[in-house]
Amino acid sequence: MVEALLFAAAEPLDIDSIASRLPEGADVGAAIEDLQQTYEGRGVNLVRVANKWMFRTADDLGFLMEREAVEQRRLSRAAMETLAIVAYHQPVTRAEIEEIRGVSVSKGTLDVLMETGWVRLRGRKRTPGRPVTYGTTEDFLVHFGLENVGDLPGIDELKAAGLLDGRLPPGFDVPNPSESGGEGDGEFADEEEYGAALDEHLAQDAVEDK
C-alpha cells in the first residue's frame, strides 16, 4: 500500500500523509525501511527530501533521462549568487543580500527566483522598519535532493568541488543555514500579513523599474 501511494503521488509524501491513508496502527516507518532496502541498487530508489519520501531515478542512471528532460531557462549569474545567499543566510532581507553581494539586487532577480518556486517570503525582521525576509522553499529542497537546508555543502565540500578557490580572504566562512528564523526574525501571522509583504516586495521592484 505504501509503495502504491508513493508511485501514484504527484509530489513527495510525509509520514503523516502516508499514515492517514493506511489502516489504523500500520507501521509506516517499517514499511518505508523495507521499501528502501528493496529498491536499493535498482533503477529507482526511495529517497527522503525535505523530510518527505519519493521515488527517484537512481543517480547513476540520470543520463537516460536527458533526452526526455525539458530544457529549463538558465539562471543568470546574479540570480545564482542571490539564490546562494538566500539559501545560506536565510532568513535574509534584501538589504542584507545587497550587503553580502556588494551590489544592489537588480530588478526582477528575486522575482525570477520566486516564480521558479525556489525562494519565498519568510516573514519580517523584528528591527526598525520591519523589513521582509526571504528564504528557500520545499521545491528548492526537492530539486537539489536535500532533506533540509542543513544538508547544503559546507566550506570544505565547496572547496573539494572546486567552487571555492584557495585564495579566500582571511576569516572567510560559510554559514550554517537554518530552517528556523534567527533571533529577531518572525514568520507571517496570517495570509493578510503575507499579502501586505508581497505588495511591499512588488512595490519596491516597481520603484526600481522607474
Side-chain angles (χ1 to χ4, degrees), residues 6-7 9-18 32 35-36 39-94 96-97 100-101 105-106 108-123 133-165 168 172-182 185 187:
L6 290 168
F7 263 119
E11 56 188 13
L13 299 177
D14 59 27
I15 294 292
D16 290 339
S17 296
I18 297 172
I32 287 177
L35 285 173
Q36 276 191 296
Y39 283 90
E40 186 178 2
R42 297 183 64 175
V44 292
N45 302 144
L46 181 58
V47 299
R48 183 167 63 179
V49 291
N51 208 29
K52 297 183 179 181
W53 295 92
M54 65 181 293
F55 281 111
R56 171 172 280 175
T57 303
D59 291 341
D60 59 340
L61 297 178
F63 70 94
L64 295 173
M65 304 295 110
E66 290 179 359
R67 294 181 61 182
E68 305 298 330
V70 176
E71 184 175 354
Q72 302 293 326
R73 180 178 61 176
R74 293 179 63 86
L75 291 178
S76 66
R77 180 186 178 92
M80 289 297 295
E81 290 177 355
T82 300
L83 177 62
I85 291 170
V86 171
Y88 279 93
H89 293 266
Q90 60 184 303
V92 61
T93 66
R94 181 191 291 255
E96 290 168 339
I97 294 172
I100 294 168
R101 285 195 68 218
V105 178
S106 60
T109 299
L110 281 166
D111 289 338
V112 168
L113 295 173
M114 291 173 69
E115 290 169 4
T116 304
W118 291 351
V119 168
R120 65 182 175 93
L121 301 180
R122 278 194 54 160
T133 62
Y134 300 86
T136 53
T137 65
E138 183 178 295
D139 286 344
F140 169 83
L141 297 177
V142 171
H143 181 84
F144 290 99
L146 302 170
E147 183 177 341
N148 55 64
V149 293
D151 290 335
L152 285 165
I155 188 169
D156 291 335
E157 294 169 292
L158 292 172
K159 285 181 178 179
L163 299 175
L164 293 176
D165 62 33
L168 297 174
F172 179 87
D173 194 15
V174 174
N176 295 318
S178 172
E179 296 282 3
S180 59
D185 297 309
E187 296 282 350

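The figures that follow rest on heavy atoms only: side chains count, while hydrogens, waters and symmetry mates do not.
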Are [X] and [Y] close enough that some pair of their side-chain heavy atoms sits under 4.5 Å apart?
X	Y	value
Leu6	Ile18	yes
Ile32	Trp53	yes
Val119	Val112	no
Arg94	Leu110	yes
Glu147	Val47	no
Ser76	Thr109	no
Leu152	Leu146	yes
Phe140	Leu83	yes

Taking atom [atom1] of [X] and atom [atom2] of [Y], what is their separation to the nearest 0.5 Å?
X	Y	atom1	atom2	value
Glu40	Leu35	CD	CG	12.5 Å
Asp151	Arg48	CG	CZ	9.0 Å
Arg42	Leu61	CZ	CG	12.5 Å
Ile97	His89	CD1	NE2	9.5 Å

Non-hydrogen atoms of [X] and [Y] that approach each other most closely:
X	Y	value
Tyr39	Asn45	O-ND2, 2.9 Å
Glu187	Arg122	OE1-O, 2.6 Å
Ala50	Leu141	CB-CD1, 3.6 Å
Met114	Tyr134	SD-CE2, 4.2 Å
Glu96	Pro91	OE1-O, 4.2 Å

Quiz item: Between Lys52 and Glu138, is there a side-chain N and carboxylate O pair less than 4.0 Å apart?
Solution: yes
Quiz item: Can any side-chain N or O of Thr137 pair as donor or acceptor with the backbone N or O of Asp139 at less than 3.5 Å?
Solution: yes
Quiz prompt | Stepwise side chain to side chain contact (heavy atoms under 4.5 Å, CB included) test for Arg56 and Val44 | solution = CA-CA 5 Å; Arg56 171 172 280 175; Val44 292; over 6 Å; no
Practice problem: Could you check Val142 against Met54 for side chain to side chain contact (heavy atoms under 4.5 Å, CB included), going step by step and ending with a plain yes or no? | Solution: CA-CA 10 Å; Val142 171; Met54 65 181 293; 4.2 Å; yes
Quiz item: Do Gln90 and Thr133 have a side chain donor and acceptor closer than 3.5 Å?
Solution: no
